[in-house]
Amino acid sequence: LYPHGESIIAIHSAGVHDLNRDPEAVLGSNHPFLKPAAEDLETVCRHPHAGNFVISGWRPGEKPLTFALENGAHGGPGAEETRGFILLPGFLDQGEDYLRPVHLRKKILEYFQPLISDSSRFRKTGFWTKKRTGLRVMTYNIHSCICMDGKINPDRVARVIRHLSPDLVALQEVDAHRARTGYTHQAAYMAEQMGMDYHYFPLITAGREQYGIAVLSRFSITDIQTGCYPDPPGNRKRERRGAMRAVVEIGSTRVHFFNTHLDLSFRERQKQARCLTENGWLGAVPKGEPVILCGDLNASPRSPVYQRLVRHLADAQNGAGGTVHPPSFFSWNPFIRLDHIFVSPHFKSRRIEVPRNQDTRLASDHLPVFADLKLDF
């Protein structure tokens, strides 16, 4: 094979062929990856160190010519070269029917970089404010780390969060020191795994055991506000609900980051949403300061609760140009969006996603929701 102008000329016993125009004659019409194999072969031929000619031991329909000691088919880019396989986690899906070494290397580096990065060093040197062009925010109901296979597995939940590399995380249904989940303080454990600051707000306390909501932050949390919504009237035993507001410093900007988990009751959700939008919470934020509100609302985008909130803040998905609200519940077969991210006009939303893969389906009964935001003053 040799380059000739815009063409790559291939010569073998069956004749002379143009690789670009007739790759089947060079590689075989039944080659499983005809186009990328032809592109690779052209790249080899045009490499500055390839010389004037490239000799290949491959011809379609004939036994490859190769070194005897190899016991393989390394004579050229034939079908035998494509029979290897590799097992990958679902979140490393390459989006193609084949996986090339350079793509595998890139995927592995993308996955492991958050694990080996010293996040505290990044915070100290201003990495997140100077080099990262956006802000990634996540809301995630972690179901007390009780996975869909029935196992208690905080590592699986941590892996989901770590892979998405968020800057701010709102967690709901978080256990601390509970016997049922192995006495782990789940918020502290997640924060330690990610190298993040955190604050935990227990909504229910029984002795040392606690259950509540939490925020994780790559930035220092300079102020925190927590509070429970008014208990419903009567003697009905309902899960206590509440909210928290963490103030984080991003560069020279104060951002107010809210996390909440609303009730299952239609009436109680409406009361709680009204409370959230009044003076004690959203109304208490100084004018002109950015706001992000995340949480499990137990309400869809068609609900009165959602409609109340979008009168005060924008749905991050709408800002990203989304037209369909991707469902986040039930994780194994999601059919409704209960988990939301709202932002003040200070933010421009670049995208919002609900990752669906083997890990996210198993880790909780909710899927995580994340948004990539940019401060837009």
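FYI, side chains are in, hydrogens and waters are out, and symmetry mates aren't considered; it's all heavy atoms of this structure.
- Under a 4.5 Å side-chain heavy-atom criterion applied to ILVMFWY residues, the cluster that includes I336 comprises M148, F329, F330, W332, F335, L338, L362 as well.
- Side chains of E173 and S364: a donor-acceptor N/O pair is absent below 3.5 angstrom, by distance only.
- Ring centers of H366 and Y140: at least 6.0 Å apart, outside the cut-off.
- Between the side chains of T260 and Y229, a donor-acceptor pair is found at a separation under 3.5 Å.
- Hydrophobic cluster membership is shared by L262 and V310, with clusters built from Ile, Leu, Val, Met, Phe, Trp and Tyr side chains linked at under 4.5 angstrom.
- A donor-acceptor pair under 3.5 Å is absent between the side-chain atoms of R208 and the main chain of H177, judged by distance alone.
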Step by step, would you call Q270 with C275 a side chain to side chain contact (heavy atoms under 4.5 Å, CB included)? CA-CA 9 Å; Q270 288 185 299; C275 179; over 6 Å; no
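- To the nearest 0.5 Å, atoms CG (L135) and CZ (R218) are separated by 11.0 Å.
- Hydrophobic clustering (ILVMFWY, side-chain heavy atoms < 4.5 Å, transitive): I292 and L375 are in one cluster.
- For E192, the CD atom sits in a loose shell: 12 or fewer heavy atoms of surrounding residues, nucleotides or ligands are nearer than 6.0 Å.
- Judged purely by distance below 3.5 Å, without hydrogens or angles, the side chains of N20 and E42 pair a donor atom with an acceptor atom.
- Side chain of H17 to main chain of L19: no donor-acceptor pair is present (N/O by atom type, distance under 3.5 Å, no hydrogens or angles).
- Using modelled atom types, one finds a donor on one side chain and an acceptor on the other under 3.5 Å when comparing S13 with R59.
- In this structure, the side chain of D167 does not engage the main chain of S217 through any donor-acceptor pair within 3.5 Å.
- The ring pair (Phe, Tyr, Trp, His ring centres under 6.0 Å) analysis of residues 284-318, with sequence neighbours excluded, yields the pairs Y306-H325, Y306-H340, Y306-F342.
- Evaluation of the ring pair (Phe, Tyr, Trp, His ring centres under 6.0 Å) test over residues 252-292, restricted to residues two or more places apart or in two chains, returns none.
- Between D18 and S7, the side chains place a donor N or O and an acceptor N or O closer than 3.5 Å (distance only, hydrogens not considered).
- Side-chain polar atoms of Q186 and D175 form no donor-acceptor pair below 3.5 angstrom.
- Without hydrogens or angle criteria, T277 side chain to A273 main chain gives a donor-acceptor distance under 3.5 Å.
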Go through T226 and R245 one step at a time and tell me if the side-chain hydrogen bond (donor to acceptor under 3.5 Å, both in side chains) criterion holds. CA-CA 6 Å; T226 61; R245 174 174 66 99; over 6 Å; no
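- A donor atom on one side chain and an acceptor atom on the other are not found under 3.5 Å apart for S303 and R308.
- No donor-acceptor pair under 3.5 Å is formed between the side chain of H143 and the backbone N or O of C145.
- Within the 3.5 Å criterion, the main-chain N or O of A299 finds no donor-acceptor partner in the side chain of R269.
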